[in-house]
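Before anything else, here's the structure in question.
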Amino acid sequence: MKKTGILITLFVLSVLLTNCSNKSDEYIDPRGTDYAGSESCIQCHQVQYNMALQSSHFKATAPAISGNVLGDFDKGNHTFIYDKNTKLVMEKRNDSLYQVLYKNGKEVEAHRFEIVFGAKHAQTSVYWRDNNTYELPVSYYNSINNWATSPGFPADKPYFDRMVLKDCYSCHASNASSRNVNQNSAEKNFMSMDVEDIIDKKTIVYGIDCERCHGPAKKHVDFHLKNPNVKTANSITSIKTLNRQQKLDACALCHAGNDGMKIKSRFDFKPGNSLSEFYRETRSINDTAQFDVHGNQFRLMAQSKCFVNSDKMDCITCHNPHENASKNMASYSKICMSCHQGLKHDEKTLKIMPEKLMADNCVECHMPKKLSGAIKFQLSNSKQLSNYILRTHRIGIYPQDKK
Ligand code: HEC
Ligand code: HEC
Ligand code: HEC
Ligand code: HEC
Ligand code: HEC
Ligand code: HEC
Ligand code: HEC
């Protein structure tokens, strides 16, 4: 009796629920019912949405459909030569893109571009194999407008076996759920947890979206849809009112390198959380520690006197979180000068550059471009490693200022 009662209730409920969702054509977010998805924000936050849609954050990962993939296919620079018998060719077949390996003119294997990572300086791609993603052996680099080895890959032989773990997605995507396949297996002890994880393709939310930074916002959306007259934000964390450390942590989550000991998944981070709940620091930020210009803006900035001796510098001081880094160096100089009014460079420095020009070029001298030690790549037919160059966030006085 009781059982049928429950069954009937469940049936009625499920009919009701399906009807509801059909009616509004409701979006279901892979992260769960607390999430509304970025498109639901458009109706009330068009400005932020339009900006963010164009940003590298939104493009940090994307399905590898044409339009999202950089580089030449079928013609132009589309071949990577390993040796006189072995080459890798970028090819378009029907609507898909492939890296195809040829030995002595014969096709040996072909792997499809499935997901792209990045678009600004470089783009690397992955293909699916047995429910996991693997990095394709060559990537595209904007600095050379060409294909070259994916970072850390050999230039003398093709390699297709580098698994791209969930960890990559935790900085480049808004969700990727995994299942542990060998839960009870003895192998577990010999392999790292990450390697045993398989990624559930359907759960990937590409790019760094609104709710990745702002936290789940379904309640916020529902509230404001029901109460259009309320103009103050409800059921959403206000990042503006967080303390400085919390604001910094919300960016440092993905911009402070990757050498901490992990305690919790980065995907679980919500604005207001403290990074120390997520990983234990293995390196201290003393001013002699060397941090790479790639992926570690936070710790480099944290070594600057500007950061240490002022109590207000954070990432938002110079960046609009919804936009890419500005290409206008003069606009940064204005921010520098807001703290450095009445600044006088000494005679020697002024001889290198007159004061008038200086006013637009603070960044050129005090945040110079540096080579990344973490990312290097090799061109086709080349023994030499090429460097990846980014601006340092360690604001300071550099010897090359004397150029
Ligand atoms: C039906 C309208 C509506 C929708 C849809 C909506 N919001 Fe809002 N949101 C508001 C209003 C009203 C405010 C308060 C005024 C303001 O800051 O614009 C607000 C404020 C915010 C704030 C600032 C909070 C603060 O106090 O600093 C954030 C962040 C935010 N919304 C995120 C989102 C996200 C993310 C989505 C989509 C998942 C979303 N909103 C969808 C109406 C909406
Ligand atoms: C979930 C991880 C994550 C979080 C959180 C995050 N970022 Fe990023 N950010 C990235 C990744 C990944 C890229 C590189 C995207 C690409 O180019 O593919 C990036 C790129 C950027 C860029 C360069 C964009 C460009 O094209 O010029 C800036 C600036 C930036 N982030 C600032 C911030 C700030 C400020 C915050 C905090 C409000 C923040 N990020 C939070 C992961 C994150
Ligand atoms: C990289 C992280 C990040 C992403 C992605 C992001 N935001 Fe924000 N957002 C912030 C931060 C940080 C602030 C606080 C800015 C400040 O303090 O000035 C903010 C502020 C806001 C505000 C308050 C008004 C304003 O502009 O300062 C709204 C509304 C908002 N975001 C909506 C959105 C929506 C909608 C999306 C997606 C289309 C989005 N945000 C994507 C980090 C992000
Ligand atoms: C701790 C966070 C983090 C992890 C983990 C991470 N990345 Fe990134 N990645 C970033 C940030 C931040 C940037 C952009 C700024 C920079 O280079 O400093 C970036 C840049 C990139 C770029 C260049 C993007 C562009 O638009 O120029 C590629 C490609 C990339 N990452 C791929 C990967 C892959 C593949 C993995 C896993 C092997 C990975 N990343 C792991 C944070 C991360
Ligand atoms: C939030 C305020 C603030 C901003 C913004 C700021 N600075 Fe600073 N900066 C400081 C403070 C405070 C010091 C330390 C002064 C001291 O100790 O006498 C400092 C120190 C410096 C120094 C001396 C560093 C050294 O190692 O001796 C340089 C150079 C400098 N800033 C350049 C810049 C440039 C360039 C920018 C813009 C890209 C900038 N600052 C933005 C506050 C700021
Ligand atoms: C004092 C100003 C300032 C502060 C503070 C600052 N940045 Fe930047 N950021 C810059 C400048 C200048 C660039 C270089 C833009 C360029 O060369 O196109 C930049 C570029 C970037 C890039 C793109 C790197 C590239 O070369 O494409 C990322 C990512 C970034 N910043 C993240 C952050 C994060 C995260 C924080 C906080 C930890 C932060 N920034 C704080 C000034 C600042
Ligand atoms: C041509 C390169 C160059 C440019 C452009 C430049 N600086 Fe400097 N800056 C230097 C050098 C070299 C020093 C150390 C010698 C000196 O004080 O002149 C210095 C010193 C400083 C100091 C430390 C002064 C002190 O007394 O400790 C600050 C702060 C500073 N610069 C800020 C700025 C700001 C802000 C801008 C942009 C308006 C700027 N600089 C533009 C090269 C430059």
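First listed ligand is number 1; within each ligand, the first listed atom is number 1. Residue numbers count from 1 along this sequence.
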Charged N to carboxylate O under 4.0 angstrom, Lys218 versus Glu211?
-> no

Kindly check if the number of other-residue, nucleotide or ligand heavy atoms within 6.0 Å of NZ (Lys262) is above 12?
-> yes

Would you kindly specify which portion of Leu225 sits under 4.0 Å from ligand 1, judged on non-hydrogen atoms: side chain, backbone, both or neither?
-> both

Best match, Cys44, Cys213, Ala36, Ala233: closest heavy atom to atom 2 (C) of ligand 1 | Cys44

Can you tell which of Pro271, Ser238, Gly215, Ser38 gets a heavy atom nearest to atom 25 (C) of ligand 1?
-> Ser238

Using a heavy-atom cut-off of under 4.0 Å, does the side chain or the backbone of Asn309 touch ligand 5, or both, or neither?
-> both

Which ligand 1 atoms are under 4.0 Å away from a heavy-atom of Cys210?
-> 35 (C)

Considering only heavy atoms of His366, which atoms of ligand 5 have at least one such atom less than 4.0 Å away?
-> 29 (C), 35 (C)

For atom 15 (C) of ligand 1, closest protein heavy-atom neighbour | Lys231 O, 3.2 Å

Side chain, backbone, both or neither: the part of Asp209 lying under 4.0 Å from ligand 3 by heavy atom | backbone

Going by heavy-atom distance to atom 37 (C) of ligand 5, choose the closest among Cys318, Cys336, Cys365, Cys306.
-> Cys336

Verify atom 10 (C) of ligand 5: protein non-hydrogen atom under 4.0 angstrom away | yes

With backbone taken as N, CA, C and O and side chain as the heavy atoms from C-beta onward, which portion of Ala217 lies under 4.0 Å from ligand 1: side chain, backbone, both, or neither?
-> side chain

Within reach of ligand 3, part of His322 (heavy-atom separation under 4.0 Å) = side chain

Those atoms of ligand 3 less than 4.0 Å from some heavy atom in Ile208 = 5 (C)

Kindly indicate whether atom 6 (C) of ligand 5 is approached by any protein heavy atom to under 4.0 angstrom.
-> yes

Would you confirm whether any non-hydrogen atom of the protein falls under 4.0 Å from atom 18 (O) of ligand 5?
-> no

Salt bridge flag under 4.0 Å for residues Lys166 and Asp200 = no

The one among Val308, Val363, Leu343, Ile395 that brings a heavy atom closest to atom 32 (C) of ligand 5 = Ile395

Proximity to ligand 1 by part of His45, non-hydrogen separation under 4.0 Å | side chain

Quick one: does Arg212 get a heavy atom under 4.0 Å from ligand 3?
-> no

The one among Met329, Met358, Lys305, Gln303 that brings a heavy atom closest to atom 26 (O) of ligand 5 | Lys305

State if Lys240 counts as touching ligand 1 under the rule of any non-hydrogen atom under 4.0 Å.
-> no

